[in-house]
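Notes to accompany the following structure.
Both ligands and their constituent atoms are indexed starting at 1 by order of listing.
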Amino acid sequence: MEIAKLTDWGLSEDQIKPLIIAGPCSAESEEQVLATARGLAAINVPIFRAGIWKPRTRPGSFEGVGAIGLQWLKKVKEETGMMTAIEVANPTHVFEAIKTGVDILWIGARTAVNPFAIQEIADSLQGMDIPVMLKNPVNPDIDLWVGGLERLHNAGLTKLAALHRGFSGLENSPLRNEPQWQLPIELRRRLPNLPLICDPSHICGRKDLLSSISQKALDLDYQGLMIETHCDPENAKSDKDQQISPDVLKHILDGLVIRNTKTDDVNFQRELAELRTGIDRLDTSLLELLGKRMEVAQHIGELKKANNITVLQSGRWDEIVKRVHMRAVKYGFSDEFTDTLFKAIHQESIRLQEEIMN
Ligand code: PEP
Ligand code: MN
């Protein structure tokens, strides 16, 4: 995929270290939009975001002000010089946005799950040069995310970016949406030139974790952050728990550590290369060990087959889970890691045993 650089969006090098996009969840009134924009312009935020049409989970919640809000964004642009960005969910939204000079569009997480909707939006953008950011779909499906980007790219758009806002379905977590960092990491592997922007607001759903999630994203080499900001967060009409004032945003941004992706320091490079050789060796040993474990599992498969015994012995699986969790404690692994690792190993054992039995 041919993907334009963020500087091709009309941003300067200074504005993309990292790129900050901020503004309210929803445009609510001309006063609220302009007051928020002034606060953000004062701290040099280059892109102002606002939701005009809001995809709400249940009807009856605030569903956005509609096209009138686009006039307010026009004023933001005239008065502050900031670029403006809105969410579009259908060709009518696209048409209205382009007509009023919105600079950047994004497609929301609920729209991103629907290939028909993305295709319609892509078709309506055919031949245009506008930057479009695609949020991850609410369900953790990397192919759907990539597929959406491909649809946009096939329509001739090259100024593309991915917005990571987390995945729904979290229980017992302080976060609103599960980050599942391995998905954007895999997206980066597949599309290395695609700018990746984190939306910590929708991942967190609260203010106090914004800074740590933002830092994590920067440490994972994200190119930007989109953070919901409101001039009067306590009275916001949507997502009030996660919105912060421009002052608080400044405080968070000032506290972020911006690291380099590389260095010319030869000592660092030598030491890193040595450690990585060590990692590669250990990975080989891990594979060898897993191979041996699978061989034993295959013998067990043969034994079960000969005795006409089911592949899954749930009591045994429970025993393994308890045992490995107890032992993993001493290595400081998270429960989630131990769980994921052994589920994957167990699944593969089952697959191999199935192969033997059938
Ligand atoms: C938003 O950015 O305000 C929004 C609706 O986000 P998402 O599509 O990620 O839920
Ligand atoms: Mn929101």
Side-chain angles (χ1 to χ4, degrees), residues 19-28 32-33 36 40 45 47-59 61-66 69-70 72-73 83-90 93-94 97 102 104-114 117-118 121 131-141 144-145 148-149 152 161-170 175-180 183-184 187 196-207 209-210 213-214 217 222 224-245 249:
L19 171 62
I20 305 298
I21 304 169
C25 178
S26 310
E28 299 167 7
Q32 170 251 8
V33 164
T36 309
L40 293 171
V45 169
I47 301 177
F48 183 78
R49 67 146 277 157
I52 298 292
W53 301 277
K54 297 302 298 178
R56 304 311 298 281
T57 304
R58 306 204 32 204
S61 340
F62 176 63
E63 293 192 306
V65 290
L70 295 169
W72 311 334
L73 292 193
M83 290 194 214
T84 54
I86 68 158
E87 173 177 345
V88 291
N90 60 44
H93 296 164
V94 170
V102 170
I104 297 163
L105 308 176
W106 86 80
I107 298 171
R110 289 164 197 78
T111 310
V113 290
N114 182 350
I118 305 276
I121 295 171
V132 181
M133 308 186 286
L134 180 62
K135 287 218 186 187
N136 65 257
V138 281
N139 52 324
D141 185 337
L144 203 51
W145 201 0
L149 291 159
L152 296 165
L163 273 173
H164 171 218
R165 52 79 79 196
F167 302 87
S168 57
L170 256 192
L175 299 172
R176 176 176 174 189
N177 288 292
E178 194 173 359
Q180 299 223 23
L183 272 101
L187 184 69
L196 184 56
I197 295 167
C198 184
D199 169 354
S201 303
H202 290 89
I203 289 178
C204 296
R206 51 195 277 176
K207 308 169 209 269
L209 301 175
L210 287 173
I213 293 290
S214 300
Y222 281 51
L225 301 168
M226 175 152 109
I227 302 185
E228 285 190 342
T229 313
H230 192 291
C231 58
D232 180 12
E234 297 321 307
N235 292 305
K237 290 191 176 164
S238 59
D239 286 352
K240 106 189 210 315
D241 296 339
Q242 69 197 32
Q243 299 206 63
I244 52 174
S245 67
L249 177 66

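Between the side chain of His164 and the main chain of Pro179, a donor-acceptor pair closer than 3.5 Å is present. Judged by distance alone, the side chain of Gln180 and the main-chain N or O of Phe167 form no donor-acceptor pair under 3.5 Å. With Lys54 contributing its side chain and Cys25 its backbone, the two residues share a donor-acceptor pair below 3.5 Å. Formation of a donor-acceptor pair under 3.5 Å by the Asn136 side chain with backbone atoms of Gly166 is found in this model. Within the 3.5 Å criterion, the main-chain N or O of His202 finds a donor-acceptor partner in the side chain of Asn177. A donor-acceptor pair is defined here as one N or O able to donate and one able to accept, closer than 3.5 Å; such a pair exists between the side chain of Lys207 and the backbone of Gln243.
Each of the atoms 7 (P), 8 (O), 10 (O) of ligand 1 lies under 4.0 Å from some heavy atom of Arg110. If you number the atoms of ligand 1 from 1 as listed, the ones under 4.0 Å from a heavy atom of Lys54 come out as 1 (C), 3 (O), 5 (C).
Taking the charged nitrogens against the carboxylate oxygens, Arg49 and Glu228 do have a contact shorter than 4.0 Å, which makes a salt bridge.
When Glu87, Arg165, Glu228, Arg49 are checked for heavy-atom proximity to atom 2 (O) of ligand 1, Arg49 turns out nearest.
Closest to the Mn ion (ligand 2) among the N, O or S atoms of Asp239 is OD2. When distances from the Mn ion (ligand 2) to the N, O or S atoms of Glu228 are compared, OE2 comes out shortest.
Not one N or O of Gly108 is nearer than 3.5 Å to an N or O of ligand 1, by distance alone.
In terms of protein heavy-atom proximity, atom 4 (C) of ligand 1 is nearest to His202 NE2, 3.5 Å. At the top of the distance list for atom 8 (O) of ligand 1, counting protein heavy atoms only, stands Ala109 N, 2.8 Å. With hydrogens left out, the protein atom closest to atom 6 (O) of ligand 1 is Lys135 NZ, 2.9 Å, a heavy atom.
When rounded to 10 degrees, the angle formed at the Mn ion (ligand 2) by NE2 (His202) and SG (Cys25) equals 180°.
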